[in-house]
Every structure is written in C-alpha cells, then in structure tokens.
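Reviewing the structure listed below.
Here the structure is a predicted model, which means the values were calculated and not measured.
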Amino acid sequence: MYSAADHEYMARALRLAELGLYSTTPNPRVACVIVKEGRVVGEGWHRRAGEPHAEIHALRAAGSAARGATAYVTLEPCSHHGRTPPCAEALIAAGISRVVAAMQDPNPQVAGRGLALLTAAGVNAECGLLEAPARELNIGFVSRMTRGRPWLRMKLAASLDGKSALNNGVSQWITGAPARHDGHRWRARACAILSGIGTVLGDDPQLNVRDVDTARQPLKVVVDSRLELPLQSRLLNVGGLLVACASVDAERSAALRECGAEILCLPNNEGRVDLPALLAELARRGVNELHVEGGFRLNGALLAAGLVDELLLYLAPCLIGDAARGLFDLPALKSLQDKRRLLINDVRMVGSDLRILARFEHNKAPL
C-alpha cells in the first residue's frame, strides 16, 4: 500500500515532530512534510498551543507548490475550530491532492472527521503509515483522550539491591550526574511532575527542569493530605505549584495560597488524597504525561491503585543493604502468581548507571 518513499517522508515528519517534545502541551506533537514530484517543497512542526499547527507552517513554506502535492502528517488533520482554524480545510484550499496520516486523532472532536472531510473534497486521504511510533510520540495525549487520565511514568533511582534511600530517608545521591541530567530530559517532556510530602520534607526538591533547554516548566504537584508543606519550601519559590490534600485547614490553606500555591481538596474514604480523582483532574487541566518522583509510600499507593503505566528506573552500581528503603511500600504477596509483570522496552547505560524503561504488561502496546 505504501511505497519506500512514503515511509521515508513519514519518518522525516516524525523526526520533525519530536522537535515539539518539550513545548506543545497540552496539544500533541505533530509535523507535516509536503512533497511534490519527489521533492520536499514545505515542512513544519507544531511548536506550542495557540500557534499555527504543523500543516499551516508546511503550507506556508510550500506556497503555490502545494497544489497537487502529497502531505505527510503524523496525526490526522484537525476538522474543528479550536484556537486555530481546521487544518483539513487549509489543506483542501491549498490544493493538496493526497494526505497520508500516521494515525487517527484520538480527540473525540476529530476522530476520523478530518480524514472524512478531506475525502469528501476529493483528496486521497490515507491513514496508518508508521502508526506505532506516531502513537508512542503522543502516548500521553492518547491516554488523556481515551482514558481521561495522563500517561503516568514513574522515575526511580536505586542501588543494585533495589534500595531507593537509607533507612533515615537520605537518598542524595544514589545515581551519578549523567543519570540525573537524563532524568531532567524526562521531566522536560512531561506536563506535570508529581511528588509526595514525604519526599518534599526529606529532600526539599525544586521539581523543576534544569540543564535542559526548554522555555516551559511543568506544573508541580504535591500529594500532601494534611497540608504539611513548609512555607519555606523551595517548591514555593519556583511557581506553578498545586497541592492536593484530603482535608482543608483554613489557616494553612491561606498561608500556602499567599505563597503562590493552589490548594485542591480531594479526599477518599480513608482520609487520604483520592489519587484516581487527582489524575482525572490533571487530565481535565490538559496534562498528557505525568512524571512521578516520589518516595516509596506514594509509589506504592499509585501502583496499588493501578495508575502506573511505565517505570523509568536508574540502577546504580552499588549496594546499600537490606535495612535501607525499597522502591515501593506494598503489602507482602501470598503467591508469586500475584506479581506485577512488566515488559522491558529499553535498556542502556547512562554514565555508570543502568537505565531501564519498563511498561506494565497491560500497557505493553501503545493505547
């Protein structure tokens, strides 16, 4: 169905779409390559929400050469009026004769309507070329549109014997500087970074992106059931902080708001923060990818609730000992049949540390 040239141009579009890895949220990362008579006449990628979509940049670059050309787009062209006009209509008006999309848009406002609009106008519209890598590039956007919650990627750092901190909570630093720098790249692509009050009290983290070139900082979210966040916390100095609690203390809430934090009360029946409700609220706010850097209690709670999609695990070549803290606070298993199974997607060295990217079996394929 698709030629070698089709694959080449779509691969080029996917590489171009990756340029928006840190900037497009809450929109998907999309690129468009326009080809006429075997030559690229225009290309573009979506940079950030509210600005022109990839197709518009590519059409502007192509000019009159777009008439009769083929447009390779990493996501189905939109068909609705949002912050910008429909891209499907722009492609039709420019005289594009063929559109090849990598995947259908999971957004219910589009979901095939863009392709149908193109077909109705006489454009040869096709879909499905290099769909798997296209979905991976926007796995958070797909998750938000189809499941109503972000794609949750949990970052972990541990010794070879699986310990994340000393028994007194000290964890800085188990891994080396290259691994920590790599972790900031994963922070940069996320829409929000989630941590727990235990980590905040123990480490006083900033949870921001450093040493990575990005104009956007992710939203910072802290699970703090009893509003114990210190007013001198460094988190309150970097802006964009959401504190999720389980009970409202008017005085503490007012003090935290005065320091710039937003307070969100989401109690469950056990008097703790309702984690599924928190993820649903983050999705409502446009969070596609949620990056978790918590302690073993929050990690265990998220895992027990079935909310973790992927583990980003850095293993340092050292041993800490059995008395140190593990990665997850979970109840003991009665049978090995109850173990949580993962599939390892990627393994590589980052400095002297081993980085493993593993996905839980129920999420072994893109959504």
*Picking from Leu229, Leu256, Ile263, what satisfies side-chain contact (heavy atoms from CB on, under 4.5 Å) with Leu241?*
Leu229

*Which value, rounded to the nearest 0.5 Å, describes the distance between Ile139 atom CD1 and Arg153 atom CZ?*
7.5 Å

*Would you name the heavy atoms of Ala61 and Gly42 that are closest together and state the gap between them?*
CB-CA, 3.9 Å

*Check side-chain contact (heavy atoms from CB on, under 4.5 Å) between Ala66 and all other residues, then give those that pass, not counting sequence neighbours.*
Leu59, Ala62, Ala94, Ile96

_Gly112 backbone acceptor or donor facing Glu76 side chain under 3.5 Å_ = yes

*Any salt bridge between Arg149 and Asp309, counting N to O under 4.0 Å?*
yes

*Please check if the side chain of Asp224 supplies one atom and the backbone of Gly196 the other of a donor-acceptor pair under 3.5 Å.*
no

_Val100 and Met10, any side-chain heavy atoms less than 4.5 Å apart_ = yes

*Same apolar cluster: Trp186 and Leu311, side chain cutoff 4.5 Å*: no

*asked:* Check this for me: Arg47, atom CZ, are more than 12 non-hydrogen atoms of other residues, nucleotides or ligands nearer than 6.0 Å?
replied: yes

*asked:* Let me confirm one number: the CG-NZ distance from Leu357 to Lys155, rounded to the nearest 0.5 Å.
replied: 13.5 Å

_Over 12 non-hydrogen atoms of neighbours within 6.0 angstrom of CZ in Arg226_ = no

*asked:* I'd like to know if Asp182 and Arg355 make a salt bridge, using a cut-off of under 4.0 Å between side-chain N and carboxylate O.
replied: yes

*Excluding sequence neighbours, so at least two apart, what forms salt bridge (Lys or Arg N to Asp or Glu O under 4.0 Å) with Arg98?*
Asp6, Glu126

*Applying salt bridge (Lys or Arg N to Asp or Glu O under 4.0 Å), name anything that partners Asp213, two or more places apart in sequence or on another chain.*
none

*Between Glu55 and Leu91, what is the shortest heavy-atom contact and its length?*
CG-CD1, 4.2 Å

_In the structure I gave you, are the side-chain heavy atoms of Phe141 and Thr24 within less than 4.5 Å of one another anywhere?_
no

*Please check if Val287 and Leu279 belong to a single hydrophobic cluster, counting links between Ile, Leu, Val, Met, Phe, Trp and Tyr side chain heavy atoms closer than 4.5 Å.*
yes

*asked:* Between Leu315 and Ser159, is there a side-chain heavy-atom distance shorter than 4.5 Å?
replied: no

*Considering only heavy atoms from C-beta outward, does the side chain of Asn299 approach that of Leu156 to under 4.5 Å?*
yes

*Compare all side-chain heavy atoms of Ser143 with those of Asn288 and state whether any distance is below 4.5 angstrom.*
no

*Residues Arg113, Glu89: salt bridge by 4.0 Å N-O rule*: no

*For Asp346, look at atom CG and say whether over 12 heavy atoms of other residues, nucleotides or ligands are found less than 6.0 Å away.*
yes

*Check whether Val292 and Leu219 end up in the same hydrophobic cluster, where Ile, Leu, Val, Met, Phe, Trp and Tyr are linked by side-chain heavy atoms less than 4.5 Å apart.*
yes

_Looking at every heavy atom in both Gly44 and Ala54, which two are closest together, and how far apart are they?_
O-CB, 3.6 Å

*asked:* How long is the straight-line distance from NZ of Lys220 back to CD1 of Ile193, given to the nearest 0.5 Å?
replied: 6.5 Å

_Do Arg234 and Pro205 have side chains that approach each other closer than 4.5 Å (heavy atoms only, starting at C-beta)?_
no

*So, do Met103 and Val142 sit near enough that their side-chain heavy atoms are less than 4.5 Å apart?*
yes

*Within a radius of less than 6.0 Å around CD1 of Ile344, do more than 12 heavy atoms belonging to other residues, nucleotides or ligands occur?*
no

*asked:* What I want to check is whether the side chains of Arg29 and Asn138 have a donor and an acceptor closer together than 3.5 Å.
replied: no

*For residues Pro26 and Gly286, report the shortest heavy-atom separation together with the two atoms involved.*
CB-O, 3.2 Å

*Starting from the C-alpha separation in whole Å, work towards a yes-or-no answer on salt bridge (charged side-chain N to carboxylate O under 4.0 Å, His left out) for Glu270 and Arg272.*
CA-CA 6 Å; Glu270 299 172 347; Arg272 298 180 179 138; 3.4 Å; yes

*Assert yes or no for the condition that the ring centre distance of Tyr9 to Tyr72 is strictly below 6.0 Å.*
yes

*Do you reckon Leu14 sits in the same ILVMFWY cluster as Leu129, going by side-chain contacts under 4.5 Å, direct or chained?*
yes

_Smallest separation among heavy atoms of Ser23 and Arg216, with atom names_ = CA-NE, 4.3 Å

*Start with the C-alpha gap between Leu207 and Leu235, add the side-chain angles, then the distance that decides, and say whether side-chain contact (heavy atoms from CB on, under 4.5 Å) holds.*
CA-CA 7 Å; Leu207 298 181; Leu235 277 174; 3.8 Å; yes

*When rounded to the nearest 0.5 angstrom, what is the spacing between CG in Asn237 and CD in Gln206?*
8.5 Å

*asked:* Nearest 0.5 angstrom please: Leu227 CG to Ile197 CD1, how far?
replied: 9.0 Å

*Can Glu293 and Arg187 be counted as an ion pair, charged N to O under 4.0 angstrom?*
yes

*Shared hydrophobic cluster for Val350 and Leu312 (ILVMFWY, side-chain gaps under 4.5 Å)*: no

*Is any side-chain heavy atom of Met349 less than 4.5 Å from a side-chain heavy atom of Leu354?*
yes

_Distance-minimising heavy-atom pair for Cys245 and Val273_ = C-CG2, 3.6 Å

*Under 6.0 Å from the six-membered ring centre of Trp173 and within 45° of its axis: does the NZ or CZ of Arg180 meet both?*
yes

*Over 60° means perpendicular and under 30° means parallel, so classify the ring planes of His46 and His53, tilted if in between.*
perpendicular

_Strictly distance-based, threshold 3.5 Å: is any side-chain N or O of Thr175 a donor or acceptor partner for the main-chain N or O of Tyr314?_
no

*Distance from Leu75 atom CG to Cys32 atom SG, nearest 0.5 Å?*
11.5 Å

_Candidate pair Arg15 and Glu18, rule salt bridge (charged side-chain N to carboxylate O under 4.0 Å, His left out), full reasoning_ = CA-CA 5 Å; Arg15 290 192 298 271; Glu18 289 178 0; over 6 Å; no

*Hey, are Arg189 and Glu289 close enough for a salt bridge, meaning a charged N less than 4.0 Å from a carboxylate O?*
yes

*asked:* Please determine whether a side-chain nitrogen of the Lys or Arg among Arg12 and Glu43 lies less than 4.0 Å from a carboxylate oxygen of the Asp or Glu.
replied: yes

*Is the side chain of Asp161 donor-acceptor paired with the backbone N or O of Gly321 at a distance under 3.5 Å, no angle test?*
yes

*Leu115 backbone acceptor or donor facing Thr119 side chain under 3.5 Å*: yes

